[in-house]
Number of protein chains: 2
Amino acid sequence: MEADVCKRLGGNLKRLRTAAGRSQEDFAHDADIHRTYISDLERGARNPTIRVVDRLAKALGVSMGDLLD
Amino acid sequence: MEADVCKRLGGNLKRLRTAAGRSQEDFAHDADIHRTYISDLERGARNPTIRVVDRLAKALGVSMGDLLD
DNA sequence: ATGTGACTGAGAGTCCGTG
DNA sequence: CCACGGACTCTCAGTCACA
């Protein structure tokens, strides 16, 4: 446990996005975030602000806790 | 509802911190975050990264969802 | 369809203060 | 004890070309 927050977010994001059957490109469009930025996030390579996470959560229809906890 | 994420975090943070009976300064020290930044966060005046929120949650002994949802 | 390095403007986060 | 400001450094947001 205690994986880095960014890795945790990345894993949750990838899991929830693929579970919804959406590509990074399509999802990026819905969340209004650049395609390569989504790629970075899923790899845990970025430390995003809560405003970005808020957009991710809304585009997925989940809570922020679902992405971060 | 639908308040800005930063305002939501600010309200939750202030509520949970005061419920724990701690001053901003003491709490800032425990979370290893500058005291003025805690003040800014509680007023919803900043858009922090998830690493900062993670430290806040740990210092309070709550989940990130408790602070953000 | 996704991963990655590089880039720039904007803003995250720190530290000095004051009322 | 807290709100708020100014000034600073360093990282994030957002984008591109290319693999």
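Only this structure's heavy atoms are used, side chains among them; waters, hydrogens and symmetry mates stay out.
- Taking atom OH on B:Y37 and atom C1' on D:dC8, their separation rounds to 15 Å, with Å as the unit.
- Within the nucleic acid shown, A:S39 comes within 4.0 Å of at least one base atom, counting heavy atoms only.
- Atoms CG (B:N47) and P (C:dG11) sit 10 Å apart, rounded to a whole Å.
- When the nucleotides C:dA1, D:dC12, C:dA12 are ranked by their closest atom to the side chain of A:S23, C:dA1 comes out on top.
- Between the CD1 atom of B:I50 and the P atom of C:dG13 there is a distance of 11 Å, given to the nearest Å.
- Salt-bridge annotation for B:R22 and B:D30: present, with a side-chain N of the basic residue lying under 4.0 Å from a carboxylate O of the acidic one.
- If you take CZ of A:R51 and P of D:dG14, they are 10 Å apart, rounded to a whole angstrom.
- Rounded to whole angstrom, the span from the CD1 atom of A:I38 across to the P atom of C:dA1 amounts to 15 Å.
- Put simply, the side chain of A:E42 reaches to within 4.5 Å of the side chain of A:Q24, judged on heavy atoms.
- In this structure, B:Q24 reaches the sugar-phosphate backbone alone: every heavy-atom distance under 4.0 Å involves primed, P, OP1 or OP2 atoms, never a base.
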Kindly indicate, with the supporting measurements, whether the criterion side-chain contact (heavy atoms from CB on, under 4.5 Å) is fulfilled by B:N47 and A:I50.
CA-CA 6 Å; B:N47 175 30; A:I50 61 177; 3.4 Å; yes
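- Side chain of A:K14, nearest nucleotide from C:dG3, C:dT14, C:dG13: C:dG3.
- The side chain of B:R46 has C:dA12 as its nearest neighbour among C:dG3, D:dC2, C:dA12.
- Separating the CD atom of B:E25 from the P atom of D:dA3 is a distance of 11 Å, rounded to the nearest angstrom.
- Mapping B:T49 and B:T18 onto DNA chain D by nearest heavy atom places B:T18 at the nucleotide closer to the 5' end.
- A salt bridge is defined here as a Lys NZ or Arg NE, NH1 or NH2 lying under 4.0 Å from an Asp or Glu carboxylate O, and B:D4 with A:R51 meets this definition.
- Atom pair B:D40:CG and C:dG11:P shows a separation of 15 Å (rounding to whole Å applied).
- Between the side chain of A:R35 and the base of D:dG14, no donor-acceptor pair under 3.5 Å is found.
- Residue B:R55 is classed as having no contact, given no heavy-atom separation below 4.0 Å to the nucleic acid.
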side-chain contact (heavy atoms from CB on, under 4.5 Å) between B:D69 and B:N12, intermediate numbers included
CA-CA 9 Å; B:D69 287 338; B:N12 289 331; over 6 Å; no
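- Checking D:dC12, D:dC1, D:dT15 against the side-chain heavy atoms of A:T36 singles out D:dT15 as nearest.
- OP1 or OP2 of C:dG13 has not a single side-chain nitrogen or oxygen of B:H34 nearer than 4.0 Å.
- Between B:E42 atom CD and D:dC4 atom C1' the separation is 14 Å, expressed in whole Å.
- The phosphate of C:dT2 (OP1 or OP2) has a side-chain N or O of A:R17 nearer than 4.0 angstrom.
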